[in-house]
There are 2 protein chains.
Amino acid sequence: MHLAAWCKDNFMTMKPRDRTDDSLIALRRILRATELYARDLAHAVGLTPAQLRVLQIVDERGSVTPKALASQMGVSQATVTALVDKLVAQRLVERVQSESDRRQTNVVATPQGHGRLEDAPDALQQRYVRAFAKLADWEQAQLVSSLERVADMMDAQKLDAAPVLTTGDIKGGRKGSHDLQEN
Amino acid sequence: MHLAAWCKDNFMTMKPRDRTDDSLIALRRILRATELYARDLAHAVGLTPAQLRVLQIVDERGSVTPKALASQMGVSQATVTALVDKLVAQRLVERVQSESDRRQTNVVATPQGHGRLEDAPDALQQRYVRAFAKLADWEQAQLVSSLERVADMMDAQKLDAAPVLTTGDIKGGRKGSHDLQEN
DNA sequence: CATGTCTTCTTTGGTAAGCTAAGTATTAGG
DNA sequence: CCTAATACTTAGCTTACCAAAGAAGACATG
């Protein structure tokens with residue numbers, strides 16, 4: 001491409017395509033970093049990533065039903081049962097029957113479960129938080145607003161996208177296993 | 001919390017702690033949306049998320065060794081072997097021996113593999129892209145810069161974080177399985 | 001009270017992803 | 001030629017996940 005053309009594209013018309021790519025690349029880097037960290041972190045705590053997520057949610061909310069866990073995590077109840085089993089085996093959480101509705105089970109963290117999280121609070125966050133704290137006030141504000149905007153764009157998508165994507169039925173016979181998570 | 005106190009915290013002192021939390025929440029929402037989409041998308045293409053990632057990388061780079069795939073994806077070579085096997089079984093990629101070094105295998109996409117990607121280009125991106133394109137010019141610029149900043153904060157972290165996290169050795173005898181990915 | 005229907009959770013049986021450890025070739029260096 | 005390193009695969013195991021089928025409480029309605 002000629003230099004003149006390049007200048008025109010970048011300074012005059014400024015195609016948004018380029019920016020879109022940039023944003024996607026940055027997003028992928030974030031995703032990737034988070035994913036890799038989640039593995040290391042969970043390993044450091046002596047749990048698997050999925051188990052850790054359960055423990056975090058349970059600890060944060062005090063008491064959760066498997067149903068709620070499943071919908072918050074976007075997995076099936078059967079999966080939650082399996083994960084909770086593992087945590088129960090390690091005495092990190094307990095199941096207690098609900099008294100109002102005895103079909104329900106409440107999952108609660110034991111003192112040990114709580115302690116486990118204290119020992120190694122989310123390392124990725126710890127480190128990210130440190131960098132974030134160093135930023136100037138206006139930068140933090142801008143970052144938050146940008147991130148929320150991106151999150152909104154994706155969440156909003158989900159609503160009208162789900163039905164569309166679910167037409168993936170055509171090659172595999174699945175029926176929207178994510179329908180649950182509209183709280 | 002009393003209303004007065006709330007006002008004080010939010011309008012007067014404006015603790016950065018709140019902002020950090022907000023940014024983390026937004027980040028989690030992004031992560032979550034992406035994860036759920038990856039599943040739906042892969043399913044729509046008739047592949048699993050991991051298989052799709054392999055196919056995408058192979059298609060994008062034309063020809064990749066399992067070693068490179070493993071390091072780019074952050075998984076072990078054995079895992080790559082298994083994933084490539086699946087794709088080979090579906091005739092979406094092929095293995096070809098390298099001529100310069102016959103220990104190496106190059107993975108390349110078949111026309112069908114390439115076609116499969118054309119059929120369903122990244123749906124999450126498609127949708128996100130559409131929303132992104134609707135934004136005003138300055139908003140796009142700000143978003144990109146914010147995302148890149150976050151990505152930088154996380155990537156930079158990785159370098160000095162890895163050794164720290166690897167002390168998770170204390171409970172399980174692992175030796176940095178991610179050491180590979182510094183290209 | 002009985003009966004049928006929901007809901008909530010667990011069980012079962014199966015697939016995929018991921019790891020480590022132990023091969024098999026192939027190249028590179030004495 | 002022999003040894004060491006590299007690149008990949010195989011084998012065996014664990015975890016995550018799902019769908020389908022069960023079990024048991026909740027609830028409405030006859």
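So you know, we letter chains A, B, ... as the sequences are listed, proteins then strands, and number each from 1. Since the structure is predicted, the reported quantities are computational estimates derived from the model, not experimental observations.
- Taking a 6.0 Å sphere around CD of Glu99(A), one finds it holds 12 or fewer heavy atoms contributed by other residues, nucleotides or ligands.
- To the nearest angstrom, P of dC6(C) lies 13 Å from CZ of Arg103(A).
- Atom CD in Gln90(B) sits about 13 Å away from atom C1' in dA16(C), given to the nearest Å.
- Under 4.0 Å is where a charged nitrogen must lie from a carboxylate oxygen, and between Glu35(B) and Arg53(A) at least one such pair does.
- Between Ala82(A) and Glu99(A), the residue anchored closer to the 5' end of DNA chain D is Ala82(A), taking for each the nucleotide with the nearest heavy atom.
- Computed from coordinates, the Leu87(B) CG to dA16(C) P distance equals 12 Å when rounded to whole Å.
- Distance Arg95(B) CZ to dA25(C) P: 16 Å, rounded to the nearest Å.
- Regarding Leu69(B), its CG atom lies at a distance of 12 Å from the P atom of dG18(C), rounded to whole Å.
- At dT15(C), none of the side-chain N or O atoms of Lys86(B) fall inside 4.0 Å of OP1 or OP2 (strictly under the cut-off).
- In the set dA20(D), dA17(C), dC8(D), the nucleotide with an atom closest to the side chain of Gln51(B) is dA17(C).
- Regarding Met73(A), its CE atom lies at a distance of 9 Å from the P atom of dA16(D), rounded to whole Å.
- The side chain of Thr81(B) places no N or O atom within less than 4.0 Å of a non-bridging phosphate oxygen (OP1 or OP2) of dC8(D).
- Taking the side chain of Ala50(B) as heavy atoms from C-beta on, and the options dT11(C), dA17(C), dT26(C), the nearest nucleotide is dA17(C).
- Following rounding to the nearest Å, Asp85(A) (CG) and dT12(C) (C1') show an atom-to-atom distance of 13 Å.
- Among dC9(C), dA16(C), dA21(C), the nucleotide with an atom closest to any side-chain atom of Thr48(B) is dA16(C).
- Closest contact between the side chain of Thr79(B) and the listed nucleotides dT10(D), dC19(C), dT12(C) involves dC19(C).
- The listed nucleotides are dG18(C), dT7(C), dC8(D); the one nearest the side chain of Leu83(B) is dG18(C).
- Taking side-chain N and O atoms only, Arg102(A) has no distance below 4.0 Å to OP1 or OP2 of dC9(C).
- The side chain of Thr65(A) lies closest to dC9(C), out of dC9(C), dT27(C), dC17(D).
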Checking side-chain contact (heavy atoms from CB on, under 4.5 Å) for the pair Tyr128(B)/Val150(A): CA distance, chi angles, key distance, verdict?
CA-CA 8 Å; Tyr128(B) 166 78; Val150(A) 170; 4.1 Å; yes
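- When each of dC19(C), dT10(C), dT27(C) is scored by its nearest atom to the side-chain atoms of Pro66(A), the top-ranked nucleotide is dT10(C).
- Nucleic acid contact for Gln104(A): sugar-phosphate only, since backbone atoms but no base atoms lie under 4.0 Å from a heavy atom of the residue.
- In this structure, Asp59(A) does not pair ionically with Arg116(A), as no charged nitrogen and carboxylate oxygen lie closer than 4.0 Å.
- Applying the 4.0 Å criterion to OP1 and OP2 of dC8(D), one finds that Gln97(B) has every side-chain N and O outside that range.
- Note: Leu52(A) CG to Arg39(A) CZ = 14.0 Å, rounded to the nearest 0.5 Å.
- Distance, Asn106(B) CG to dT26(C) P: 16 Å, rounded to whole Å.
- The side chain of Ser76(A) sits closest to dC18(D) out of dC9(C), dC18(D), dT10(D).
- Listed pair Gln77(A) / dC9(C) meets the phosphate criterion, a side-chain N or O lying under 4.0 Å from OP1 or OP2.
- Using a 4.0 Å heavy-atom distance criterion, Thr105(A) is classed as a sugar-phosphate-only contact.
- When Val93(A), Val88(A), Leu92(A) are each tested for a side-chain contact (heavy atoms from CB on, under 4.5 Å) with Gln90(A), only one passes: Leu92(A).
- Along DNA chain D, the nucleotide nearest to Arg53(A) and the one nearest to Val80(B) differ in position, and the one closer to the 5' end is contacted by Val80(B).
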